Number of protein chains: 2
Amino acid sequence: MADVARAAGVSSATVSYVLSGKRPVAEETRRVVEAAIADLGFTVNTMARSLRTGRSNVVALVVPDLSNPFYAQLAASLQKELRPLGLHVMVCDTQAVRDEERAFLREAVQQRFAGVVITPFRLVAKDFEALSAAGIPVVVSADLPFGEADLVTPDARAAMRQALTEVTDAGRRRIGMIAGPRDATGGDPRLELLRGLAVQLGTALPGRLVVRGEHTREAGAAGFERLMRMKYRPDAVFCANDVVAIGAMDKAEELGIGIPGDVALIGHDDASFASLVRPRLTTVRYPAPDVGRAAARLLIERLDGRVARKTVTVKAHFVARGTV
Amino acid sequence: MADVARAAGVSSATVSYVLSGKRPVAEETRRVVEAAIADLGFTVNTMARSLRTGRSNVVALVVPDLSNPFYAQLAASLQKELRPLGLHVMVCDTQAVRDEERAFLREAVQQRFAGVVITPFRLVAKDFEALSAAGIPVVVSADLPFGEADLVTPDARAAMRQALTEVTDAGRRRIGMIAGPRDATGGDPRLELLRGLAVQLGTALPGRLVVRGEHTREAGAAGFERLMRMKYRPDAVFCANDVVAIGAMDKAEELGIGIPGDVALIGHDDASFASLVRPRLTTVRYPAPDVGRAAARLLIERLDGRVARKTVTVKAHFVARGTV
DNA sequence: GTGAAAGCGCTAACAG
DNA sequence: CTGTTAGCGCTTTCAC
């Protein structure tokens, strides 16, 4: 920048101001400076800039599984919203491992990130302390609130109720679930929701028909198998998410169990491949693009100075396809 | 850091050395410093560090479509390889738009990134000049070499030959292709490869049976429809990638065209959903994890000082499933 | 084994 | 409308 200033015969402050537009610069001067910039192929060093201003222009998106298209879509959406503001998104895949999650949070404060959008999987509130101490805004995308952080959360009650109703209307009575791991942050709120609904609707979700595992295809297959080996086996299975449901379908095919003939299957999220499998997966759609948009908005408001905690609810919808 | 130094009664240089281990520090001193660090909840500011050292610790991964699981997997793999070295991966989704691609490259030099791994879609060699001028190592993952950059490239010849052989052995003679857009970087090397193979095997890939479009599901559907509306319509269709092939399957179902009964379909990459659709997609597997690993290795070598351009070839394999 | 101090490239007062 | 200048927080000689 000093080079540019010299070449243009101005001070480096002026160069800085033509770049940032933070104060008026004479048309003539601007032209000369811009010419010099082009000449020398100069590019601002954003590290120096951020060091000086105390704020970087990168936002971290921390997710448990980037190969789940739901999160890939979330990433794309967030990036699209933040880009026009000059904010960059650094996508971090934690593989649902707590130490990885923590490592990324630590990195976020080391890098003085502008903000963090995170779907915590095994983190606890305490893990966020360093972030708030550093004054880095956090938006949590999860079913449950998380300390001081802003929250984007699904309203899936109506959708789940509808799903459950469809299932019972079809005469199914033995409802089971392949839920998330027991040590996940907040347990598994989707399980709790289903439980509550089951009570309301006069159905049961017996504890022994709830199996648990990671949010992976393999775990879905394993969980489904365990369910099917029970003497009192379910005739409808809700899944923690679509990836798990796909795994269940793998196993059903392997075991020669008919879906939905023998067992109804309900996914969650409507990840892109839910409509790809055959039969098509009936699921509860939680629209990733909307989640990304909401998270972006919350983050931007924080950056603009909002201090009060805020929650945005994104409505989920029941999507009837071929597995119920 | 000054605070820590004061609290520990040492100089900030010593604190720095405790953190980096770049010179021996007395056991006693180290303990005191570490206590102070813990006490104050101090975290290094990597921006300041990078400014000082002139190198950041983030690597950009620039891809055309993050919602294509192939790239999501690539991202995961690259991240896994680079993480242990303290390098972070910033994933950038360009949506195959040239201006976005350029914007990310510009950002890479502004941020003085440690390196860039990119699958260029519409970029040309010139777009990389600023990067090399800034001395930022670039690894290109593509079918064709790209200026000075290191290259990870598929060897898909044998696999494609096998695919083509299967198709012709099944008595198919009218080979078509849904290729990438005409203005994509390097045209469509997969198309060229198929053309060459067709000649070798005494089959034809007539120009009119080649349609073009983006690497999207919609474009795949549109391309397949155009093909099917021709009077001389293909009985086997190769696709630019699996996403395109899935789009073609959508359309086939819509039009009541049997796959593989009426038309054989061959994808490319073996993205995760290739085995999800029914019938399962026959494809040419290009293993994303291997690509990520290779890219990481190339990048690391460069960072370690290698100067000569290098190419790593990753072998692709024919995967016979249900669409041929 | 430790400290002092220069300076990375930029921004934002402050002064003119 | 423009210039001067003081750091942002760190690393790294150089000196002890």
Side-chain angles (χ1 to χ4, degrees), chain A residues 1-34 36-37 40-58 86 106-114 130 133-136, chain B residues 1-34 36-37 40-58 86 106-114 130 133-136:
Chain A
M1 191 171 239
D3 295 347
V4 174
R6 207 168 308 117
V10 299
S11 76
S12 71
T14 299
V15 177
S16 173
Y17 286 119
V18 306
L19 249 29
S20 69
K22 289 195 179 174
R23 90 180 179 189
V25 175
E27 188 49 44
E28 168 65 9
T29 316
R30 142 164 291 118
R31 235 199 326 277
V32 176
V33 171
E34 278 167 351
I37 289 176
L40 302 177
F42 167 82
T43 330
V44 285
N45 182 328
T46 48
M47 286 180 320
R49 169 181 290 172
S50 302
L51 176 58
R52 178 57 230 242
T53 61
R55 274 257 157 281
S56 91
N57 65 337
V58 359
R106 199 176 321 119
E107 191 70 13
V109 355
Q110 290 185 176
Q111 306 253 24
R112 307 296 190 266
F113 280 162
I136 297 177
Chain B
M1 192 171 238
D3 295 346
V4 175
R6 207 169 308 117
V10 299
S11 75
S12 69
T14 299
V15 178
S16 172
Y17 286 119
V18 169
L19 251 27
S20 69
K22 290 196 181 173
R23 90 180 179 190
V25 175
E27 189 48 44
E28 168 65 7
T29 315
R30 140 164 293 119
R31 235 197 327 277
V32 176
V33 170
E34 277 166 353
I37 288 176
L40 302 177
F42 166 82
T43 332
V44 282
N45 183 327
T46 47
M47 288 182 317
R49 168 181 291 173
S50 302
L51 175 59
R52 180 57 229 247
T53 60
R55 275 257 159 282
S56 91
N57 65 338
V58 0
R106 200 177 319 120
E107 192 70 14
V109 353
Q110 289 184 178
Q111 306 252 25
R112 305 297 190 268
F113 280 162
I136 297 177

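Note that the structure is a prediction, hence the values are computed from the model and not measured. All chains are named by letter (A, B, ...) in the order of the sequence lines, taking the proteins before the strands, and each is independently numbered beginning at 1.
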Sequence neighbours excluded, which residues qualify as side-chain hydrogen bond (donor to acceptor under 3.5 Å, both in side chains) partners of [X]?
| X | answer |
| --- | --- |
| A:Arg106 | none |
| B:Thr46 | A:Gln111 |
| A:Ser50 | none |
| B:Gln110 | B:Glu107 |

> Is any side-chain N or O of A:Thr29 closer than 4.0 Å to OP1 or OP2 of D:dT2?
Replying inline: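 So the side chain of A:Thr29 is within the cut-off, an N or O lying under 4.0 Å from OP1 or OP2 of D:dT2.
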
> Restricting to pairs with a member in residues 24-34 of chain B, which pass side chain to side chain donor-acceptor pair (under 3.5 Å), not counting sequence neighbours?
Replying inline: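 Sorted result for residues 24-34 of chain B: B:Glu28-B:Arg31.
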
>> Tell me which pairs pass side chain to side chain donor-acceptor pair (under 3.5 Å) where either residue lies in residues 12-25 of chain A, with sequence neighbours left out.
In response: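 The answer is A:Ser11-A:Thr14.
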
Interatomic distance, [X] [atom1] vs [N] [atom2] [rounded to whole Å]:
| X | N | atom1 | atom2 | result |
| --- | --- | --- | --- | --- |
| A:Glu27 | D:dC1 | CD | P | 10 Å |
| B:Leu40 | D:dG9 | CG | C1' | 15 Å |
| B:Ile37 | D:dC10 | CD1 | P | 10 Å |
| B:Lys22 | D:dT11 | NZ | P | 8 Å |

> DNA chain D: B:Ala2 or A:Ser11, which has the more 5' nearest nucleotide?
Replying inline: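 This one resolves to A:Ser11.
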
> So what is the end-to-end bend of the helix from C:dG1-D:dC16 to C:dG16-D:dC1, with 5 pairs used at each end and the value given to 10 degrees?
Replying inline: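 Angle reported: 30°, given to the nearest ten degrees.
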
[X] versus [Y], closest heavy-atom pair with distance:
| X | Y | result |
| --- | --- | --- |
| A:Ala48 | B:Leu51 | CB-CD1, 3.7 Å |
| B:Val44 | B:Leu19 | CG1-CD2, 3.3 Å |
| A:Val18 | A:Val33 | CG2-CG1, 3.3 Å |

> Taking only residues two or more places apart in sequence, or in another chain, which ones meet A:Ala108 in a side-chain contact (heavy atoms from CB on, under 4.5 Å)?
Replying inline: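 side-chain contact (heavy atoms from CB on, under 4.5 Å) check on A:Ala108 returns A:Phe113, A:Val116, A:Leu131.
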
>> Taking side-chain contact (heavy atoms from CB on, under 4.5 Å) as the definition, give me every residue that meets it alongside B:Arg112, ordered by chain and number, with sequence neighbours left out.
In response: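 If we apply the side-chain contact (heavy atoms from CB on, under 4.5 Å) test to B:Arg112, skipping adjacent residues, the hits are A:Thr43, A:Asn45, A:Met47, B:Val109.
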
> Base, sugar-phosphate alone, or nothing: which one does B:Thr14 contact when heavy atoms must sit under 4.0 Å apart?
Replying inline: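 Sugar-phosphate only.
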
Between the protein and nucleotides 13-16 of chain D, which nitrogen or oxygen pairs come in under 3.5 angstrom?
none

>> Just to be sure I understand the geometry, which residues of residues 43-57 of chain B put a non-hydrogen atom under 4.0 Å away from DNA chain D?
In response: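 Correct list: B:Thr43, B:Val44, B:Asn45, B:Ala48, B:Arg49, B:Arg52, B:Thr53.
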
>> Could you tell me the boundaries of the chain B footprint on DNA chain C, defined by atoms under 4.0 Å from its heavy atoms?
In response: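 The contacted stretch runs from C:dG1 to C:dG9.
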
